Engineer: 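I'd like to ask some things about the structure below.
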Amino acid sequence: MRHRTSKKGVVIFAFATLSQFACAHVSVPETERTRYLMGTLCTITLPSAHAAAAERAFDEIARVESLISTWRDDTELSRVNALPAGGRMTVSPELAALLQTTIDWSEQTGGAFNPLLGTLIDAYGVRTKFRIPSAHVVQVAIAESDVDNVRIEGGGVAKNADARFEEGGFGKGFALDRAIAVLKNAGVPYATIDFGGQVVWFGAGSRDVGIAHPLKRHEEAVVISVPAGSVATSAGTEQTFEIDGERYTHIIDPRTGKPLPPAGSVTVYADSAIEADILSTALFVMGPVEGVRWADAHGVVAIFVVPHDRELRLTTTREFINQRVGISRSILTDEEKSYK
Ligand code: ADP
Ligand code: MG
């Protein structure tokens, strides 16, 4: 594939062939297994000789779900959420490390990603019936999402103030990393996992990954080609809510306490699935201007696909180009290609 880049780092399409991304293992029989986990479908594709390992990977995701789901009361994370202000409880080293990782990402992203959104998510009824809460309720919920409300120390979680974790922004990514580790430990040479749209794979060279058109979900706007790793997209279009003619997504800007309007999508490619998951949400919150600036400063591979008047604007980060991520196909017409 050839691509030219403009000064500001936006890819300009050139011709490309898909054949060069063809998988080297086409002659090996492959098996596809699907299980419903964490509220969505998870599909694993791997060589048929290793099909049994897929079941172990699913079991691992189910184990992670029973550690961090806040949709049920019996998980470790739900018990952390139930802990009152001033309380402290011992947690598993795995959960302690995960929560610390999410808090670190919150600090790194200037609070655009925030794992402590539980009270805000409930205030808007994101999981039940969407509503706009009073300004006072929003203020209280913003205060409860302050990451300083929680301390992870000495194998436990301590709360200085009320605060509740929301795993929706990092749970699937974490589970994917664990599932990949299980497959690799079982000696699986290559595999792909698609978990509700987030994809992760290893061992089979570059792959094509389609990015949905932000306004026409069943059409691919762009197909990118990337080496082993994980690709996550945040669009907020899976779930949108309308109130008084305004549309809102399920992604909340923790800094204002407001759900964001649908505004295109951002796709992140990273070595680890949790990183791709967290950063796609964080960059969606930041938006294309602040998001690209932040991503460039942190070496993140990302592409924004944003409707603009009657066209789609694709904006890529510098690392997208440095790592020679290819745009192998695009449905965009010449008029829709837009470069900043
Ligand atoms: P999807 O759920 O479609 O994969 P995302 O990966 O962007 O989309 O995650 C959105 C979910 O993350 C929301 O449903 C909510 O649970 C949680 N969330 C929303 N806003 C934030 C935020 N600013 N920081 C962390 N998590 C968030
Ligand atoms: Mg995400």
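Both ligands and their constituent atoms are indexed starting at 1 by order of listing. Bear in mind the structure is a predicted one, so any value in this text is a computation, not a measurement.
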Engineer: Using side-chain heavy atoms (C-beta onward) and a distance below 4.5 Å, is T101 in contact with F174?
Structural biologist: no
Engineer: I want to check something: taking the side chain as every heavy atom from C-beta on, are T43 and T34 in contact at a cut-off of under 4.5 Å?
Structural biologist: yes
Engineer: Rounded to the nearest 0.5 Å, how far does CH2 of W294 lie from OG1 of T109?
Structural biologist: 6.0 Å
Engineer: Under a 4.0 Å threshold between the charged nitrogen and the carboxylate oxygen, would R127 count as salt-bridged to E166?
Structural biologist: yes
Engineer: Can you find an N or O of D277 that's nearer than 3.5 Å to an N or O of ligand 1?
Structural biologist: yes
Engineer: Quick check: does A112 get an N/O under 3.5 Å from an N/O on ligand 1?
Structural biologist: yes
Engineer: Minimum distance, heavy atoms only, to atom 3 (O) of ligand 1: which one of H250, K172, M286 is it?
Structural biologist: H250
Engineer: My understanding is that we take every heavy atom of each candidate and find the minimum distance to atom 21 (C) of ligand 1. Doing that for I251, L116, L117, which one comes out nearest?
Structural biologist: L117
Engineer: Any carboxylate oxygen within less than 4.0 angstrom of a Lys/Arg side-chain nitrogen, looking at E290 and R255?
Structural biologist: yes
Engineer: Who pairs with F241 by ring-ring contact (aromatic ring centres under 6.0 Å, His included), at least two apart in sequence or on another chain?
Structural biologist: F130
Engineer: Please could you name the atoms of ligand 1 that P254 approaches to less than 4.0 Å, counting only its heavy atoms?
Structural biologist: 23 (N)
Engineer: Return yes or no for this condition: an N or O of I252 is under 3.5 Å from an N or O of ligand 1.
Structural biologist: yes
Engineer: For atom CG of N160, is the number of surrounding heavy atoms from other residues, nucleotides or ligands below 6.0 Å larger than 12?
Structural biologist: yes
Engineer: Are the charged groups of E60 and R178 less than 4.0 angstrom apart, N to O?
Structural biologist: no
Engineer: Quick one: which of T70, V126, T281 has a heavy atom closest to atom 9 (O) of ligand 1?
Structural biologist: T281
Engineer: Identify, with sequence neighbours excluded, every residue that meets side chain to side chain donor-acceptor pair (under 3.5 Å) alongside T31.
Structural biologist: S48
Engineer: Please work out which of N114, V268, T102, L120 has its closest non-hydrogen atom nearest to atom 24 (N) of ligand 1.
Structural biologist: N114
Engineer: Looking at ligand 1, would F284 count as a contact under a 4.0 Å heavy-atom criterion?
Structural biologist: no
Engineer: Just jot down the side chain to side chain donor-acceptor pair (under 3.5 Å) partners of E55, sequence neighbours excluded, or say none.
Structural biologist: R33, R35
Engineer: Rounded to the nearest 0.5 Å, what separation is found between the CZ atom of R79 and the OG1 atom of T75?
Structural biologist: 7.5 Å
Engineer: List ligand 1 atoms under 4.0 Å from G168, heavy atoms only on the residue side.
Structural biologist: 9 (O), 11 (C), 12 (O), 16 (O), 17 (C)
Engineer: Restricting to under 2.8 Å, identify the protein N, O or S atoms around the Mg ion (ligand 2) as residue plus atom.
Structural biologist: D277 O, D277 OD1, T281 OG1
